[in-house]
Every structure is written in structure tokens, then in C-alpha cells.
Amino acid sequence: MPSRYAEVYAEWRADPQAFWAKAAADIDWISPPKRIFDDKAGVYGRWFPDATCNTCFNALDRHVVAGRGAQTAILYDSPVTGAKRRISYAELLDEVATLGAVLRSFEVGKGDRVVIYMPMVPQALAAMLACARIGAVHSVVFGGFAAPELAARIDDARPKLILAASCGVEPGRIVAYKPLLDAAIGLAAHKPSACLVLQRPQAEAKLIAGRDHDWQAAFDAAKAADRRAGCVEVAATDPLYILYTSGTTGKPKGVVRDNGGHMVALKWSMQNIYGVAPGETFWTASDIGWVVGHSYIVYAPLLHGCTSVLYEGKPIGTPDAGAFWRVIDEHKVVSFFTAPTAFRAVRKEDPDGALLKKYSTASLRTLFLAGERADPETLAWAGRMLKIPVVDHWWQTETGWPIVANPVGLGLLPIKPGSPTVPMPGYEVEVVDDAAKPVKPGAMGSIVVKLPLPPGALPTLFQNDQRMVESYLSEFPGYYKTADAGYKDEDGYLFVMGRTDDIINVAGHRLSTGGIEEALAAHRDVAECAVIGVKDEIKGEAPVGFIVLKAGVDRQPDVIEREAVALVRERIGPVAAFKRAITVPRLPKTRSGKILRGTMKKIADGENWATPATIDDPAALDEIAQALKR
Ligand code: COA
Ligand code: AMP
């Protein structure tokens with residue numbers, strides 16, 4: 001069957017508002033949109049400005065009303081704890097409505113923020129949906145962040161309530177969340193009025209009287225009293241959630257997602273990009289702390305009436321590199337989405353797919369990869385193993401859904417390894433030079449998206465329109481700056497090659513080298529430092545920090561290096577995967593004092609490098625090369 005992509009993309013280009021009006025008809029609105037787009041509202045315009053709706057209603061109630069109540073909504077599969085649980089749409093609705101009533105009892109209402117600091121347990125999903133139900137704005141913080149990162153998010157979001165679990169379970173290690181939460185609240189200037197803590201049997205937390213409340217007790221009390229929260233009517237443009245992502249400094253950016261546009265875009269994507277039908281089982285192996293988890297573990301599968309797998313485990317080690325195949329087989333997954341790093345990890349452990357032979361993956365139609373560049377080797381290996389199309393697609397926390405993809409539902413386009421394929425409707429993608437002029441096919445440039453961004457993409461940063469404009473809209477007027485660089489080929493396929501800013505991608509996680517440098521610079525013996533992302537066989541990139549010690553420091557460099565590594569873990573968290581600090585006598589700089597990070601990266605990656613003409617002292621680069629050999 002020929003792909004309908006070209007026709008559908010042309011339809012969107014001819015009349016974007018008509019296109020999204022049609023897509024909006026798939027959503028149950030409280031008051032349907034009369035206007036589709038208001039170009040005068042917000043920073044660059046707002047979608048569905050006069051409509052009202054409730055996201056939780058569309059994710060749950062709607063399906064129960066339509067007879068899908070007995071279908072499994074969430075399939076919780078937790079190899080790290082041994083738990084498995086099927087939760088039907090009717091049961092999830094009941095749990096969410098009850099939890100919504102609990103949130104109300106803490107006086108959380110429309111527009112109030114709720115921080116969720118929880119691992120991959122069903123209650124975390126229920127918490128997100130309960131916020132959506134009562135019009136509160138959730139902000140999920142990934143469990144691998146340390147207390148200062150959590151504190152920064154608390155201070156920006158200023159939550160009324162924090163929902164947390166007592167612990168997360170990592171292979172071979174229980175991560176006690178509560179001490180991190182207590183430390184974060186201690187550090188933050190803003191104090192939430194209460195915390196609701198889910199006690200997990202692996203490590204129960206000590207509750208602080210007057211502030212902390214036991215989740216289960218509060219839930220049981222609401223249930224016994226038959227208290228349930230109804231769906232609150234919100235504007236389509238009201239925020240559904242804030243998700244913090246790395247900026248170029250240590251201060252994270254609060255990406256805002258609205259209710260209406262988000263539902264329209266995600267619902268459209270399930271059928272047309274992912275090629276999945278309601279009732280089918282969709283699995284995204286990510287974490288609800290990331291955008292991929294928000295969109296494709298929680299909201300999109302539920303909005304579409306699918307069964308979503310919630311997997312609390314890893315690609316390897318829980319218990320082995322056959323974990324993905326086991327879950328696909330056991331739950332008859334039709335569509336699987338993860339990051340290339342996960343496949344690199346599986347491939348390293350089981351290169352010939354011996355464990356794959358123990359299972360049937362016959363239900364699986366497509367593998368989707370995103371979160372970092374999918375290297376052609378990994379792509380080819382996954383295709384050889386699974387014998388299904390492997391689709392790379394490119395997106396960002398900011399967009400919330402794919403910018404560039406191979407739209408399986410519209411008919412698969414030829415796959416070109418190394419390219420996430422073509423722009424989706426809603427996105428006019430250009431590769432431009434520094435003067436914002438489109439470059440020729442094959443030429444590298446900055447990847448930008450013509451404004452307005454489509455429904456679902458961020459309207460702004462939380463209470464910070466100015467940072468939104470400065471970060472994304474001012475450098476290339478009329479465009480959204482993705483901060484990715486790449487090129488388009490003659491067929492219009494996009495190749496995304498890397499970031500133009502100081503963001504690095506470690507195991508599919510987005511990290512700011514600037515943020516890590518801030519942590520290193522806090523060490524009392526460090527005079528200056530530079531962090532780069534060095535090629536890593538499994539994680540894509542791994543951060544490496546070069547530190548210059550203050551004059552007169554006579555402590556052993558290896559002791560200071562170990563302290564520096566510990567400091568990054570303490571300040572940013574294990575997610576930074578920061579394992580290597582290297583002491584150097586000085587950093588290579590240009591004559592104007594700019595650190596030559598690009599050349600340092602080339603040296604570390606073993607690529608050809610040339611001494612930049614502007615360098616202050618070329619010997620400083622040799623010192624880096626020498627230090628890396630240690
Ligand atoms: N809570 C607490 N700690 C966490 C955590 C969480 N939710 N998630 C990860 N960590 C810790 C890990 O235990 C590890 O700690 P360690 O330094 O003590 O070993 C550290 O953070 C780094 O984690 P990670 O980068 O995930 O590395 P890993 O070695 O544990 O696993 C992979 C490597 C490739 C298996 C893993 O990165 C993976 O599955 N990645 C998928 C990427 C993904 O989902 N990306 C989202 C976008 S699609
Ligand atoms: P995040 O906001 O955490 O989802 O990270 C987004 C960034 O990850 C993008 O700006 C890219 O740099 C990178 N990225 C995500 N998906 C891809 C992909 N398919 N190919 C190349 N880079 C990707």
C-alpha cells in the first residue's frame with residue numbers, strides 16, 4: 001500500500017486550521033472549539049482558545065462510558081519487585097477519582113501545582129491523572145535526580161502538595177526517595193503545605209508529623225467515605241503539566257503542556273504515526289519522569305483506548321537481556337518504543353539474540369526509537385533480530401510528540417538508516433544558516449521549525465514568557481529553534497546529528513554540561529572546569545569533566561577527582577552518570593578566553609582534530625590528550 005503521507009502532509013500545509021479542526025473532532029470537549037487558532041494570544045499564538053475540556057475524562061471516563069471499562073488500561077510489570085498487576089479502565093477510573101478526592105481534601109484545586117516524585121508504579125500514573133481530573137497541574141520529577149535538582153523544580157513550580165513514594169527500586173539497590181525529598185524541601189525556599197507518601201514495602205519512610213501523610217490511609221479513608229472527584233472543566237489552553245528539562249544553565253526550563261492541543265496531537269499520533277488501534281497493547285519502555293513517558297506511557301495510549309504497559313525494570317539485568325522479549329511475548333505488545341541506548345545494552349549482552357529464541361515476538365509490528373540519535377548499526381541489529389520495521393523518530397520535551405517520523409499509520413515510507421525520516425503534519429522543518437536562510441540539501445545547519453508550533457507543543461515556559469522567547473524564538477525570527485543541527489537530503493529526509501548548545505545526551509537522558517560544570521565548580525579546590533560529552537558504546541555519550549585546581553592546592557588530585565564525582569552525584573543525581581573527573585594544568589582556550597570544548601571532544605572521541613587558529617597556547621590541547629590517556 002503506498003503511503004498516504006505526502007497527501008496528508010499537503011492537506012495540513014494547505015489549511016492547518018482545517019486539519020487540526022478535523023483532528024479535534026476525535027476529542028470529547030465540554031465546550032468544543034469554535035476558533036481553532038488565535039495568532040494574537042500567547043507567545044506565538046494558542047490552539048483551541050475558546051474550548052473547554054478535561055484530559056482525564058478523555059483518558060478514562062470516555063472509554064468506560066463507551067463500554068471499554070473491563071479492558072486493561074494499565075499492565076504493571078515490575079521485574080524489580082516481582083509484582084504484576086492488570087488495572088482495567090473502570091478500576092483505574094475509580095482509583096483516580098478517589099485519589100482526586102484525596103487531593104481535594106488537601107485543598108488542591110484548579111491551577112494548583114502538584115510535584116510527583118515517584119518511581120514507575122501504578123499510583124504515579126493515577127496521581128498524574130488525578131491532577132488532570134481536578135484541573136491541578138502536575139510536575140513529575142525523575143527519581144534519578146538528587147535533592148538540589150528536586151529543590152530547583154519545587155522552587156519554580158511552587159507546589160501546594162508533593163506526592164512521593166518511599167523508595168524506588170534499582171537493580172541491586174533500593175533508592176530511598178524520602179530523605180531526598182526531605183533534603184529538597186529543606187533546600188527549597190518554597191515549602192509545600194503537605195506531602196502524601198506512598199509507603200513501599202522495600203523501604204518504608206519515616207513521616208514528619210504535621211506535614212507528611214500516609215497515601216494508603218488517606219486513600220482508604222476517601223474510599224470508605226465514597227468520596228470521588230468529578231472532572232473539572234478547564235480551558236483547552238490551561239496547563240495540564242509542567243515538565244522540567246535541561247536548559248543551558250543549571251536552572252531547568254519548565255516546559256508547559258496545555259490540555260486541548262495536547263490531547264488532539266497525541267490522539268492523532270497514535271493512529272497515524274504509531275499505527276495502533278484502540279484496544280491494542282502499546283509499550284513504551286521509558287520512565288514517567290521523561291516526556292516520552294508522559295506522552296506514550298500515560299496520555300496517548302489512554303486517550304486512544306489502548307492497554308499501556310508500565311514496566312518497572314531495565315533492558316538488562318532484570319533479570320537478563322531477554323526482558324524486552326519476555327514482556328512483548330507475555331503481554332502481546334503490538335508496538336514497542338524505547339531509546340537506542342536500551343538496544344545497545346541488550347545487543348552487548350546478547351549479540352546473537354540467544355535469549356530472543358526463548359520467546360515469541362510475533363505480536364510486535366513496529367519498533368520505535370527516540371531520545372537520541374539512532375546509530376545505523378543499532379537500527380540494523382534491531383531489524384535483524386525482530387524482523388519488523390524499526391522506526392527512528394525525533395522529538396523533544398518541548399514538542400511533546402514527534403517532529404519528524406516515519407508515519408506507520410499513514411503507510412511506512414522507505415527507511416534510510418540515520419534519518420528519522422520526514423516532518424509530521426504541524427511541523428514545517430527547515431535547516432538554516434546563521435542568518436536564518438535555508439541551506440541546500442546535504443548542507444549542515446541549524447534545524448528550526450516554522451511558527452506556529454502545532455497543537456501539543458509547548459506554548460511557553462512556566463510563568464516565563466521571556467525565557468521562552470529568548471531560548472527558542474529570538475535567534476531565528478519566525479522560527480522555533482530546536483538547538484539540534486543536521487541536514488536534509490534531496491528527498492527531504494532529515495538527519496539529526498547533534499546539539500548546537502551545551503546539552504549532551506547520556507543514555508537517552510538530556511543533560512546540561514553547564515549544569516554539571518556548576519556542580520564541579522562548587523568544589524572548594526576547583527578553580528575552573530569544562531565538561532564534555534564523550535562517545536560511549538552503550539550510553540551514546542558520557543560526561544567527562546576536566547578540572548583545574550586552585551593555586552596552592554596540595555591535596556592529591558585523585559582524591560579531589562573522586563570528591564568531584566561524588567559532588568555531581570550529590571548535586572545532580574545518579575542520572576548524570578558522571579564517573580570521570582580529570583585534573584589538568586589548564587584548559588585549552590582561544591585568545592579571547594573561550595574554552596575549546598569542540599576540539600576537546602574530538603580529541604576524547606579519537607577523531608581527527610586540528611589546532612584552531614585562535615588558540616592561545618596549542619600545548620594545552622596536547623595536555624588534554626595526555627590526561628585522557630591516564
Ligand atoms: N531512580 C533512582 N536512580 C535511578 C533511576 C531512578 N528512577 N533511574 C536510573 N537511576 C540511576 C541508576 O541506578 C544508575 O545509578 P548507578 O550510577 O548507581 O549505577 C544511574 O542512575 C544511571 O542510570 P542509567 O543512565 O539509566 O544507566 P544504567 O547503567 O542504570 O542503565 C541503560 C543503562 C541503557 C540500561 C538505561 O540507561 C536505559 O534503559 N535507558 C533507557 C533510556 C530511556 O528510557 N530514555 C528516556 C527517553 S526514551
Ligand atoms: P528530550 O527533550 O530529553 O526528549 O531530548 C531531546 C533531544 O534528544 C533532541 O533535541 C535531540 O538532541 C535528541 N534526540 C531525540 N530524539 C532523537 C533522534 N531520533 N535522533 C537524534 N537525536 C534525537
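In listed order, ligands and their atoms are each counted from 1. Being a predicted model, the structure only gives us computed values, none of them experimental.
When the heavy atoms of Ile403, Thr397, Thr482 are ranked by distance to atom 4 (O) of ligand 2, first place goes to Thr397.
Residues Phe282 and Phe336 place their aromatic rings such that the two centres sit no closer than 6.0 Å.
Residue Glu204 qualifies as enclosed at atom CD: its count of foreign heavy atoms under 6.0 Å is above 12.
Ranking the protein heavy atoms by distance from atom 10 (O) of ligand 2 puts Asp484 OD2, 2.5 Å first. Shortest contact from atom 6 (C) of ligand 2 to any protein heavy atom: Trp395 O, 3.6 Å. Ranking the protein heavy atoms by distance from atom 5 (O) of ligand 2 puts Arg510 CD, 3.5 Å first.
With sequence neighbours left out, His304 forms a ring-ring contact (aromatic ring centres under 6.0 Å, His included) with no residue at all. With sequence neighbours excluded, no residue satisfies ring-ring contact (aromatic ring centres under 6.0 Å, His included) with Phe462. Listed by chain and residue number, nothing satisfies the side-chain hydrogen bond (donor to acceptor under 3.5 Å, both in side chains) test with Arg580 (two or more places apart in sequence, or in another chain).
If you look at Glu372 next to ligand 2, the close heavy atoms, those under 4.0 Å, all belong to the backbone. Residue contacts with ligand 2 for Trp290 are absent, since no atom lies close enough (heavy atoms, distance under 4.0 Å). Contacts between Asn505 and ligand 2 below 4.0 angstrom, taking non-hydrogen atoms only, involve the side chain exclusively.
Salt bridge annotation for Arg597-Asp502: absent, with no cationic side-chain nitrogen under 4.0 angstrom from a carboxylate oxygen. A salt bridge links Arg200 with Glu312: at least one charged nitrogen is closer than 4.0 Å to a carboxylate oxygen. Between Lys601 and Glu541 there is a salt bridge, since a side-chain N of the basic residue sits under 4.0 Å from a carboxylate O of the acidic one.
Contact atoms of ligand 2 toward Arg373: 20 (N), 21 (C), 22 (N), 23 (C) (distance under 4.0 Å to a heavy atom of the residue). Interface atoms of ligand 2 facing Arg499, defined by a heavy-atom separation under 4.0 Å, are 9 (C), 10 (O), 12 (O).
Geometrically, Arg153 engages Phe145 in a cation-pi contact, judged by NZ or CZ lying under 6.0 Å from the ring centre and within 45° of the ring axis. Stacking of Lys416 on the aromatic ring of Tyr493 is recorded, both the 6.0 Å distance cut-off and the 45° axial limit being met.
Every protein residue with a heavy atom nearer than 4.0 Å to ligand 1 is included here: Phe142, Gly143, Gly144, Glu170, Arg173, Val175, Tyr177, Ala285, Ser286, Trp290, Val292, Lys314, Pro315, Ala339, Thr341, Ala370, Ala507, Gly508, His509, Lys539, Arg569, Pro574, Val575, Lys579.
Between Gly371 and ligand 2, an N or O atom pair is found at a separation short of 3.5 Å. No N or O atom of Glu398 sits closer than 3.5 Å to an N or O atom of ligand 2.
Among all heavy-atom pairs drawn from Cys131 and Val114, the shortest one is SG-CB, 3.7 Å.
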